[in-house]
Amino acid sequence: MALIGANGSGKTTTLNLLAGLLRPQRGEVLIQGINIHTHPRRAKLHLGFLPDFLPLYLDLTVMEYLSFIAKLRQIPKLKRKDAIAETIEQLNLAPYRQYLIGRLSKGLKQRVGLAQAILHRPSVLLLDEPTQGLDTIHIEIFQELLKNYKKNAAIILSTHYLNEVEGILDHALQFNSEGITSYDLHHCTT
Amino acid sequence: MIYTIAQHELVKLFKTGKIWQLLALCQFILGLIFYWLMEEFLFKSQNLLLENTRSVGITEEVIHPLFAWAALFFFFITPLLATQCVTQERKTHTLDLYLTSPLSSLEIVMGKFIGIFLGEIFLLLPVLIMPLLITLNDHLDIGQFISGLFGLILLLGATLSLGIFVSSLAKEPFISTLVIFISLLLLTALEWTAHFLTPSLQWIAELALLHHCQNFLSGIINTQDIIYYVFFTVLFLSLGAFRLNKESYFKRST
């Protein structure tokens, strides 16, 4: 599902609510049927989140950062190495694995941010403007990644450019001053 | 998971080079103080020798004040290190990594506490070389030395827990550092303010941070002092964890 809308329309707030970073005044957020506020540990096991401000440690190398994230996300020790290698491969980060994150370009940092979100293969993936700073080639790689990832997970992302995810995602929610409009991206119905 | 976070905090300290700068500063300032204390001691000893009186103990004259100075010095270091725990992470948005991971807020706080605490112990280690140098030429009261060291470690734990709690509240690193420092000074000043209070209010001095360290520095291990530091540490770590648990209530959308 894509969340679209102008700046300040509430896309990031919605994603932060879904990630458990904000608490809803009404209603509840269920991740795989688990309430994220009453059972946060269980719910967050299934969650991958890429915030709009990248949560990166600039003094660590890509490899050190992903190793730390793998432990935080509680990937079993035996599977950690494979999970990191696979993610690095998927996002074309192999040449940069020993680079300090602080020295990477904006686009590369975005890819490292994306890597931390998908490292533990979450079943619910929340991405806040994931294509920000990516060049055309890497937007295509990202689209391919989404297509593959969609088979086993629910993806909710916010974007300004619907054409980047058209044909990949099934639904879109448009945020505007009058409210939220839902679209079926396959049949173009409201 | 606590181990992972603690290890990460420690690695971060070394990677950013912050710990090496603090180590150099610590060695320079405390080294100068040690030199000054030794000179004072030698001067006093020579005078006492001339007067044919028995010499004073080097542990009481040099190590006791050196540890007291070290405690004061760490009042400046702790705010800097504690601020990076939560406030700095909030500012750089890396706190979101912890908050969206399957971790409890207590695990986060404990991991950060242990990591930074070990960093502070690392800073303290070279300071211990100075007293040990004395053993080459003079007799050191090992009991008093160990007791003083134990008190200093307990004090470091207590000040750091307060720092982490304040860090969990503040949004700006500078404000956090300043508030931690002022809080530590106020908690120390309680002892001095007690001099101006009526006898019925003398218990206020018991709340002072350094007050409980005095016994340790003099070589007395009192369970009351241990309980005070342990309670203080547990209280502020729990408050820090509680605040972090309620982060989603306070956080505003960006």
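Scope of the values below: all heavy atoms of this structure, side chains included, with no hydrogens, waters or symmetry mates. Labels below follow one simple rule: chain letters A, B, ... track the order of the sequence lines, proteins then strands, and each chain is numbered from 1.
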Other residues, nucleotides, ligands: >12 heavy atoms within 6.0 Å of B:Phe14 CZ:
yes
Just give me the residue among A:Ile69, A:Leu72, A:Asp59 that pairs up with chain B most often, heavy atom to heavy atom, under 4.5 Å.
A:Leu72
What closest approach, in Å, do B:Pro102 and A:Arg73 show between heavy atoms, and which atom pair accounts for it?
CD-CA, 4.3 Å
Do the side chains of A:Leu126 and B:Thr100 get nearer than 4.5 Å, heavy atoms only?
no
How about residues 2-10 of chain B versus chain A: which residues have heavy atoms under 4.5 Å apart?
B:Thr4, B:Ile5, B:Gln7, B:His8
Are more than 12 heavy atoms from other residues, nucleotides or ligands located less than 6.0 Å from atom CG of B:Leu125?
yes
Does a salt bridge link B:Lys12 with A:Glu64, judged by any charged N lying under 4.0 Å from a carboxylate O?
no
Interface moiety of B:Thr92 toward chain A, non-hydrogen atoms closer than 4.5 Å
backbone
Using 0.5 Å steps for rounding, measure from the CG atom of A:Leu21 to the CG atom of B:Leu95.
8.5 Å
Is the number of heavy atoms from other residues, nucleotides or ligands within 6.0 Å of OH (A:Tyr99) greater than 12?
no
Salt bridge (Lys or Arg N to Asp or Glu O under 4.0 Å) partners for B:Glu120, two or more places apart
none
Look at atom NE2 of A:His39 and say whether more than 12 heavy atoms of other residues, nucleotides or ligands are closer to it than 6.0 Å.
no
Applying a strict 4.5 Å limit to non-hydrogen atoms, the region of A:Leu56 in contact with chain B is backbone
Could you tell me the separation between the NZ atom of A:Lys71 and the OG atom of B:Ser101, rounded to the nearest 0.5 Å?
13.5 Å
Region of A:Leu17 in contact with chain B, defined by heavy-atom distances below 4.5 Å:
neither
Mind running side chain to side chain contact (heavy atoms under 4.5 Å, CB included) on B:Lys15 and A:Leu60 for me, showing each step along the way?
CA-CA 7 Å; B:Lys15 278 262 177 183; A:Leu60 298 186; 4.2 Å; yes
State the CG-OH distance between B:Leu97 and A:Tyr57, to the nearest 0.5 angstrom.
6.0 Å
Ignoring hydrogens and angles, tell me if any N or O in the side chain of A:Lys44 forms a donor-acceptor pair with the backbone of B:Leu99 under 3.5 Å.
yes
Considering only heavy atoms from C-beta outward, does the side chain of B:His93 approach that of A:Asp52 to under 4.5 Å?
no
Flag if over 12 foreign heavy atoms under 6.0 Å of CZ, B:Phe76:
no
For A:Arg103, does the CZ atom sit with more than 12 other heavy atoms under 6.0 Å from it, leaving out its own atoms?
no
